[in-house]
There are 2 protein chains.
Amino acid sequence: MARWEPGSRGRLEKAAFELFAEQGFSATTVPEITARAGLSTRTFHRYFADKREIVFGSEDIPANAAQVLADASPSDEPLDVIMKSLRTFAETRFEGRRDDLRMRGEIIRSDPGLRERDLQKREAVGRVAYEALVARGVQPTRASLLAETCVTLLYVSVQEWLGRDDEKPLADIIADTLETLRSALT
Amino acid sequence: MARWEPGSRGRLEKAAFELFAEQGFSATTVPEITARAGLSTRTFHRYFADKREIVFGSEDIPANAAQVLADASPSDEPLDVIMKSLRTFAETRFEGRRDDLRMRGEIIRSDPGLRERDLQKREAVGRVAYEALVARGVQPTRASLLAETCVTLLYVSVQEWLGRDDEKPLADIIADTLETLRSALT
DNA sequence: ACTGTGATGACACGACGTGACATCAGGTAG
DNA sequence: CTACCTGATGTCACGTCGTGTCATCACAGT
């Protein structure tokens with residue numbers, strides 16, 4: 001028998017989300033979380049840099065995005081790279097997780113600090129997109145614009161997707177959103 | 001003679017930016033700032049919600065943006081509203097302040113927490129743009145896209161503007177950036 | 001059997017942000 | 001002229017957060 005129960009990280013996440021559901025994010029303290037998980041607060045901060053980080057899960061989205069972007073066909077136009085990557089991303093990281101994402105969204109919306117952190121995550125995705133485009137030889141200004149627009153497309157579409165009752169695939173919504181943007185800029 | 005020297009807020013800002021220049025943002029504590037300004041830490045938090053806020057000045061950018069957007073001609077197309085507002089904004093809040101903005105930019109770039117707060121400020125501007133557009137009858141999804149794109153245009157252009165040596169007006173750069181975006185989405 | 005190694009705990013600490021209450025100058029009403 | 005109110009500030013106490021440091025101990029490899 002191991003000295004410590006395994007899965008500390010998972011226990012911390014479980015305890016945290018339970019408490020967030022019971023009392024809300026801001027009313028929940030780190031000691032409360034660790035007490036429920038049977039760990040010390042010091043251990044909490046070994047897994048999560050701060051209290052907010054636990055909300056954003058363990059998936060390293062930027063790294064994943066960089067991977068998807070790096071796999072793009074060398075002959076594709078920049079916009080095609082973006083759109084194909086967004087499709088892949090939608091299908092692998094979003095589709096089938098609506099309930100989970102809705103729950104997280106609610107928690108994030110409930111706290112200013114979490115909204116702030118959410119924006120930072122978004123920006124991190126934009127930065128890897130920017131770097132991937134620059135690596136393909138796209139001009140910096142154009143790359144910035146495309147990267148930011150990419151993130152905008154994704155998040156506006158996700159909002160739309162989460163708000164819907166039907167099962168329209170996120171990838172389709174993203175394509176529609178691009179069309180809407182094009183027409184709005186004319 | 002007044003019991004307290006007037007201009008507490010100004011003294012706090014002055015002391016803070018001096019210390020940030022000397023030691024950097026994160027190495028500067030609130031007590032250090034208030035000691036130099038001759039005030040208590042409690043008073044600091046009466047003027048600034050937290051240590052980060054002091055970097056972003058006292059100007060209520062979102063309120064100003066809302067004003068500019070509300071003054072737009074009722075007959076303008078949404079995109080024209082955005083572009084004209086951006087022009088006004090560039091001329092009244094940015095032009096002539098390059099050095100100040102560069103200094104702030106450096107401080108903000110030096111600290112993750114400040115970058116996070118900066119993104120929040122950006123988002124706040126986006127939200128007032130969104131609300132102004134919805135108030136004009138623009139569809140929600142389209143309004144989101146335009147609002148986010150508006151903020152993207154502004155910030156990408158400001159980056160470009162701050163990086164330049166010449167005196168090309170920000171408003172012109174924004175117009176160019178829109179053209180770049182249009183061509184990138186084709 | 002010995003020795004790392006890695007995950008955890010225990011403890012102390014500094015900084016942050018807030019609530020509650022005291023202080024006091026200046027203006028205003030009576 | 002006095003009494004009161006108001007607004008800006010100070011003082012104190014507190015809870016939470018995040019980090020540095022060191023001790024502990026099961027397990028694996030030699």
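All values below were derived from every heavy atom in this structure, side-chain atoms included, with hydrogens, water molecules and symmetry-related copies excluded. Residue numbering restarts at 1 for every chain, and letters A, B, ... go by the order of the sequence lines. Since the structure is predicted, the reported quantities are computational estimates derived from the model, not experimental observations.
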Participant: Report the distance from atom NE2 of A/His45 to atom C1' of C/dC11, rounded to the nearest whole Å.
Facilitator: 15 Å
Participant: If you look at every strand shown and take non-hydrogen atoms under 4.0 Å, does B/Thr43 touch a base, only sugar-phosphate, or nothing?
Facilitator: sugar-phosphate
Participant: Return yes if some donor-acceptor pair links the side-chain N/O of B/Ser157 with the main-chain N/O of B/Leu153 below 3.5 Å, else return no.
Facilitator: yes
Participant: Between the main-chain N or O of B/Met103 and the side-chain N or O of B/Glu106, is there a donor-acceptor pair closer than 3.5 Å?
Facilitator: no
Participant: Just call it for A/Gly38: base, sugar-phosphate, or nothing, with non-hydrogen atoms closer than 4.0 Å on any strand.
Facilitator: sugar-phosphate
Participant: Between P on C/dG17 and CG on A/Asp50, what's the gap in Å once rounded to a whole number?
Facilitator: 14 Å
Participant: Looking at A/Arg115 and B/Glu123, does any basic side-chain N land under 4.0 Å from a carboxylate oxygen?
Facilitator: no
Participant: Take the protein atom CD1 of A/Ile33 and the nucleotide atom P of D/dG18, then report the distance between them rounded to whole Å.
Facilitator: 10 Å
Participant: If I take atom CZ in residue A/Phe48 and atom P in nucleotide C/dA7, what distance separates them, rounded to the nearest angstrom?
Facilitator: 15 Å
Participant: Between A/Lys51 (NZ) and C/dC16 (P), how many Å, whole number?
Facilitator: 18 Å
Participant: Using atom CD1 of A/Ile54 as one end and atom P of D/dT16 as the other, report the distance to the nearest whole Å.
Facilitator: 17 Å
Participant: Using the side-chain heavy atoms of A/Arg42, tell me which of these nucleotides is nearest: D/dC12, D/dT19, D/dC17.
Facilitator: D/dT19
Participant: For a quick check under 3.5 Å, do A/Thr43 and A/Ser40 share a side-chain donor-acceptor pair by atom type?
Facilitator: yes
Participant: Report yes or no: is there a donor-acceptor pair, N or O only, under 3.5 Å between the side chain of B/Arg46 and the base of C/dG17?
Facilitator: no
Participant: Consider the side chain of B/Leu39, meaning its heavy atoms from C-beta on, and name the nucleotide among C/dT8, D/dT9, D/dG18 that approaches it most closely.
Facilitator: D/dT9
Participant: Calculate the interatomic distance between B/Asp111 atom CG and C/dC16 atom P; express it in whole Å.
Facilitator: 11 Å
Participant: Determine: side-chain N/O of A/Ser8 to OP1/OP2 of C/dT8, distance under 4.0 Å, yes or no.
Facilitator: yes
Participant: For the pair made of CZ in A/Phe44 and P in C/dA7, what is the distance, rounded to whole Å?
Facilitator: 18 Å
Participant: State, with a plain yes or no, whether a side-chain heavy atom of B/Lys14 is found less than 4.5 Å away from one of B/Glu18.
Facilitator: yes
Participant: Pick base, sugar-phosphate or nothing for B/Tyr47, based on heavy-atom distances below 4.0 Å to the nucleic acid.
Facilitator: sugar-phosphate
